[in-house]
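Encoded as structure tokens, the structure appears first; notes follow it.
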There are 2 protein chains.
Amino acid sequence: MKKNVIIEKRKTFRHGDLRNALVTAGLEMARSGGPKAVILREATRQAGVSPNAAYRYFAGQAELLDAVRSACLSRVAASIEDEMKKCRPGRDPQVYARKSLRAVGIGYLGFAMREPGMFRTAFSVPPPVDSPNPANTASMGLNAFQLLSLALDRMLESGLLTKKSRSDAEYLAWSTVHGLALLVLEGPLYRMPHEAILALGERLVTMVERGLN
Amino acid sequence: MKKNVIIEKRKTFRHGDLRNALVTAGLEMARSGGPKAVILREATRQAGVSPNAAYRYFAGQAELLDAVRSACLSRVAASIEDEMKKCRPGRDPQVYARKSLRAVGIGYLGFAMREPGMFRTAFSVPPPVDSPNPANTASMGLNAFQLLSLALDRMLESGLLTKKSRSDAEYLAWSTVHGLALLVLEGPLYRMPHEAILALGERLVTMVERGLN
DNA sequence: TAGCGTATGTGGACGATGTTTACTTCGTAG
DNA sequence: CTACGAAGTAAACATCGTCCACATACGCTA
């Protein structure tokens, strides 16, 4: 395969920023291979360090993956944010609200298509059964979630949504876009051309708009 | 962990049904651990056979996983079918159509909750970049897809859907339910109680009904 | 400035996995 | 009955994650 030669044999005994270097290396592996490609030893190799050095910063491979995953999630949020910034509050609040919701969907889907590896990593999980961590309800994607919530709030404020239908609407909207992204990335829409996917995305967001009620 | 003792040291040199035994073992591993838990060596162990024997039937671990995945997909379809059988064509075709669509959604989501490991395995993929297999467009879940199509056709026939909005509606509906399932299995809805999830599922299907237009 | 404690890395080893190459066993076709 | 080929075995290798004991040098204190 690719024999990434170590950049340079660092001269200092201490690396200086190892934890960060490991996550960065992991990120790159995730980018081009998904969660399964995040190899601890390979990360240390790229950092020019012995395998065990990683254990000074992570309890194990799982924890490294977790850090990488976290980084991926923030990229997702960033993508949404970028899309969101494009729509400014015009005179019609309803138009603004609709645009916001669309931005969330498009930013999300767009990232999935642009960075499949990272996207899949972002939403991969450790054994979903063994983390009875009560505190991590908020550990995932609150940023992206908040952006979505924001868009939905705008819908509510502008009268496009009733108070009742606003509740938990995040989950419904999120489900929809996330589902399409996965269908595209690893489902039957695998070979569908990008424009077609985006068109489907548009319809999807419209469906949410109309269907949330 | 669990030290599944070999059932019995078979007396015949030939196993007789090895390929099947391997897939079955793999299925069980998938059930209780997802795709990552499908270990080739472990499968051969459970079949009471040497590791290499597997290579008579599969090119490698990936191919075994693929077979298991395929089995999981058919389970998904079966779950939908079960739900579908519950709704009979009454006098009102629109009611029937709606019930059908709901059945698909509920069957799908229900399976995800009942068999998380298999569900996750069903929708896991090899490196999504390296299978330029043109023939496998239909290799995945056509069964489940067909059931969904059927339900949507009923919607069309009964006048709940326009011809135009019928096109590609599978993908929109599928995205939605699949997305919720994943949010529940490995997303922020991880710890949400089952009733709440089902309630969300109902709302979701309603959203699709209304939003497809 | 000398020394020392400790955070940071190293080295070597272990068990598990996937996979390859060479060999053995045995059902069966001719 | 014999020989061929399908089915399974044995031993070995590379890689991965991880544990243990040990080495290094940074930076604080005396």
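Order of the sequence lines fixes the chain letters, A, B, ..., with proteins taken first and strands second; residue numbering starts at 1 for each chain.
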Would you kindly check whether a donor in the side chain of B/R41 faces an acceptor in the base of C/dT19, or vice versa, at under 3.5 angstrom?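 In this structure, the two groups form a donor-acceptor pair.
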To the nearest Å, how far apart are [X] [atom1] and [N] [atom2]?
X: A/E63; N: D/dG17; atom1: CD; atom2: P; value: 14 Å
X: B/M29; N: C/dT17; atom1: CE; atom2: C1'; value: 12 Å
X: B/D17; N: D/dA7; atom1: CG; atom2: C1'; value: 13 Å
X: B/L65; N: C/dT17; atom1: CG; atom2: C1'; value: 14 Å
X: B/L64; N: C/dT17; atom1: CG; atom2: P; value: 14 Å
X: A/H15; N: D/dT24; atom1: NE2; atom2: C1'; value: 17 Å

Does a side chain donor of either A/R154 or A/S100 reach within less than 3.5 Å of an acceptor in the other side chain?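 Judged by distance alone, the side chains do pair up.
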When you check the side-chain N and O atoms of A/R31 and A/T121, is any donor under 3.5 Å from an acceptor?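 There is no such pair between these side chains.
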I want to confirm an ordering. Mapping A/L40 and B/S50 to their closest nucleotides on DNA chain D, which one lands closer to the 5' end?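 In this pair, the answer is B/S50.
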When the nearest nucleotide of DNA chain D is assigned to A/R56 and to A/G60 on a heavy-atom basis, which residue is associated with the more 5' position?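 Result: A/G60.
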Are A/R45 and D/dC16 close enough that a side-chain N or O sits under 4.0 Å from OP1 or OP2?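 Yes, because at least one side-chain N or O of A/R45 sits under 4.0 Å from OP1 or OP2 of D/dC16.
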Given D/dC19, is OP1 or OP2 found less than 4.0 Å from the side-chain N or O atoms of A/Y55?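 No, A/Y55 has no side-chain N/O under 4.0 Å of OP1/OP2 on D/dC19.
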So, do B/V205 and B/R98 sit near enough that their side-chain heavy atoms are less than 4.5 Å apart?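 With C-beta onward as the side chain, the pair stays apart.
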Set out, in order, the CA-CA distance, both residues' side-chain angles and the distance that settles side chain to side chain contact (heavy atoms under 4.5 Å, CB included) for B/F119 and B/H178, then state yes or no. CA-CA 10 Å; B/F119 185 85; B/H178 188 57; 3.7 Å; yes
What is the ring orientation for B/Y108 with B/W174, classed by angle as parallel under 30°, tilted 30 to 60°, or perpendicular over 60°?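 The rings of B/Y108 and B/W174 stand perpendicular, inter-plane angle above 60°.
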Could you pick out which residue, B/A59 or A/L18, lies toward the 5' side of DNA chain C when each is mapped onto its nearest nucleotide?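 The residue mapped nearer the 5' terminus is A/L18.
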Which sits closer to the 5' end of DNA chain C, B/V38 or A/P51, going by the nucleotide each is nearest to?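 The residue whose closest nucleotide sits nearer the 5' end is A/P51.
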Need one value for B/Y57: base, sugar-phosphate or nothing, where a base atom within 4.0 Å counts as base even if backbone is also close, heavy atoms only.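 Sugar-phosphate contact only - B/Y57 comes under 4.0 Å of backbone atoms but never of a base.
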